[in-house]
Amino acid sequence: MPDTELIPPIGFGSAWLVIGVVLIVLVIATILLILLVRARKRSASVELPLGGLAGLRAEYHARITAIEAEFAEGRLSARAAHHRLSAVVRQYGRAVSGVDAPVMTLTELQSSPLPTVTAAIAEYYPASFESADRNEISSAVAKARQVIESWG
């Protein structure tokens, strides 16, 4: 047998170990920070304007009435009216509950604690995206008013 020499494994410097541990700690800290910020955002209390819920309702009823009037005057298409009613309902949901409904998809809304907002948005979707414009928006306006009256 030939005289063979065993060569020991090549070692890595201790700096690599320190870098690896620091990176793992940074990833864990980032995840914890994100979770903490989200938890604080969810637990933030909703602050109503000076008029309270009644004042907020009046403000949003006025917005809905303005959309209805613009449609009746012909300055707004039914499609645009449905888009604007959707925005108003989503904003009201956020103002009352703190849930960020204006940036949520319909699927995300379906798993949110906003069933009346979700139902209204689901009704607005077909009219908002169909190619032919409708002649009326009365059911959409009624649904928006129902959402506003459902709180409290």
*Taking every non-hydrogen atom, the tightest pair across Ala95 and Tyr60*: CB-OH, 4.2 Å

_Leu106 to Thr118 - nearest heavy-atom pair and separation_ = CD1-O, 4.0 Å

*Please step through side-chain contact (heavy atoms from CB on, under 4.5 Å) for the pair Val141 and Ile67, ending with a clear verdict.*
CA-CA 9 Å; Val141 169; Ile67 294 168; 5.9 Å; no

Could you check whether any side-chain heavy atom of [X] comes within less than 4.5 Å of a side-chain heavy atom of [Y], counting everything from C-beta outward?
| X | Y | result |
| --- | --- | --- |
| Arg84 | Arg63 | no |
| Tyr124 | His83 | no |
| His82 | Glu123 | no |
| Tyr92 | Val89 | no |

Donor-acceptor contact present, side-chain [X] to main-chain [Y], <3.5 Å:
| X | Y | answer |
| --- | --- | --- |
| Ser97 | Gly93 | yes |
| Arg90 | Ala101 | yes |
| Ser150 | Thr116 | no |

_Test side-chain hydrogen bond (donor to acceptor under 3.5 Å, both in side chains) on Thr65 and Arg145; report intermediate values, then the result._
CA-CA 9 Å; Thr65 302; Arg145 288 191 172 124; 3.1 Å; yes

With rounding to the nearest 0.5 angstrom, report the [atom1] to [atom2] distance, [X] to [Y].
| X | Y | atom1 | atom2 | answer |
| --- | --- | --- | --- | --- |
| Ser138 | Lys143 | OG | NZ | 13.0 Å |
| Leu76 | Ile137 | CG | CD1 | 7.0 Å |
| Leu114 | Asp100 | CG | CG | 10.5 Å |

*Quick one: which of Ile31, Thr30, Leu32 gives a side chain to side chain contact (heavy atoms under 4.5 Å, CB included) with Ile28?*
Leu32

*Could you walk me through whether Met104 and Val99 pass side-chain contact (heavy atoms from CB on, under 4.5 Å), step by step?*
CA-CA 9 Å; Met104 296 172 81; Val99 174; 3.7 Å; yes

*asked:* For a quick check under 3.5 Å, do His61 and Glu149 share a side-chain donor-acceptor pair by atom type?
replied: yes

*Results of salt bridge (charged side-chain N to carboxylate O under 4.0 Å, His left out) for Glu108 - residues two or more places apart only*: none

*Do Val18 and Leu26 share a hydrophobic cluster, counting only Ile, Leu, Val, Met, Phe, Trp and Tyr and linking them when any side-chain heavy atoms are less than 4.5 Å apart?*
yes

*Scan for ring pair (Phe, Tyr, Trp, His ring centres under 6.0 Å) pairs involving residues 93-113, sequence neighbours excluded, and state none if there are none.*
none

